[in-house]
Colleague: 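Shown below is the structure under consideration.
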Amino acid sequence: QVQLGESGGGLVQAGGSLRLSCAASGRTFSSNAMAWFRQAPGKEREFVAAINWSGIITKYADSVKGRFTISRDSAKNTVYLQMNSLKPEDTAVYYCAAESYNRGVYAYHAAERYDYWGQGTQVTVSS
């Protein structure tokens, strides 16, 4: 079955950078959207970024726009999240998500859109 595996999390000082990776196995995702969500302790899961099947359409939460960049390499079934200018409020467990089929160009921010989820990777930003 389809599995998603995140990597690249860690501890970084405020203002630093991290690059998260999510590798998919079990099928090809070239026609499906993929996304990143995050969840901090005691808070609800929130949308971070998404990318469509071609990589041409990208969406970002207002809180990360201009600092984070999502990209994908369909040949490798991998999605990336480059995080720059990190802030302590970015501290969370980051989850990769993928569609099981193409659901169109709307509601990329909705967790219900995605069928497959990774186990999460911890990102901690210190002051």
Colleague: Starting from Y80, can I reach V48 by hopping between I/L/V/M/F/W/Y residues whose side chains sit under 4.5 Å apart?
Modeller: no
Colleague: How long is the gap from SG on C96 to CD1 on I70, to the nearest 0.5 Å?
Modeller: 8.0 Å
Colleague: I'd like to know if the side chain of T121 and the backbone of Y94 have a donor-acceptor N/O pair within less than 3.5 Å.
Modeller: no
Colleague: Specify the closest pair of heavy atoms between R72 and M34, including all atoms of both residues, with the distance to one decimal.
Modeller: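 Between these two residues, the closest heavy atoms are NH2-SD, 3.6 Å.
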Colleague: Would you say the side chain of M83 lies within less than 4.5 Å of the side chain of D90, judging by non-hydrogen atoms?
Modeller: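 No. Closest side-chain heavy atoms not under 4.5 Å.
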Colleague: Can you name the closest pair of heavy atoms from A24 and L4 and give their distance?
Modeller: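 Smallest heavy-atom distance, with atoms named: CB-CD2, 3.5 Å.
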Colleague: Indicate the atoms forming the closest heavy-atom contact of A49 with L81, along with that distance.
Modeller: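 Where A49 meets L81 most closely, the heavy atoms are CB-CD1, 4.2 Å.
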Colleague: Which heavy-atom pair separates D115 from Y101 by the least distance, and what is that distance?
Modeller: OD2-N, 4.4 Å
Colleague: Can you list the residues that meet the side chain to side chain donor-acceptor pair (under 3.5 Å) rule with T124, with sequence neighbours excluded?
Modeller: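 For T124 the side chain to side chain donor-acceptor pair (under 3.5 Å) partners, ignoring immediate neighbours, are Q122.
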Colleague: Under a 4.0 Å N-O cut-off, is there an ion pair linking D62 with K65?
Modeller: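 Answer for the salt bridge query: yes.
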Colleague: Tell me who clusters with Y108, hydrophobic residues only, linked when side chains sit under 4.5 Å apart either directly or through other members.
Modeller: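 F37, F47, I57, V93, Y95, V105, Y106, Y114, W117, which link up through side-chain heavy atoms under 4.5 Å apart, make up the rest of the cluster.
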Colleague: Is a donor on one side and an acceptor on the other found under 3.5 Å between the side chain of S85 and the backbone of R67?
Modeller: no
Colleague: Report yes or no: do L86 and L11 belong to one cluster of Ile/Leu/Val/Met/Phe/Trp/Tyr joined by side chain heavy-atom distances under 4.5 Å?
Modeller: no
Colleague: For residues E6 and L20, determine if any side-chain heavy atom of one lies less than 4.5 Å from a side-chain heavy atom of the other.
Modeller: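 They are not in contact (no side-chain heavy atoms under 4.5 Å apart), so the answer is no.
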Colleague: Just wondering, more than 12 heavy atoms not from E89 lying within 6.0 Å of its CD?
Modeller: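 Above 12, so yes.
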Colleague: Taking all non-hydrogen atoms of both residues, which atom of Q82 and which atom of S17 are closest, and how far apart?
Modeller: NE2-CB, 4.0 Å
Colleague: Indicate the atoms forming the closest heavy-atom contact of R103 with R113, along with that distance.
Modeller: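 Shortest heavy-atom separation between R103 and R113 comes out as NH1-O, 2.7 Å.
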Colleague: Any donor-acceptor pair under 3.5 Å linking the side chain of R38 with the backbone of A92?
Modeller: no
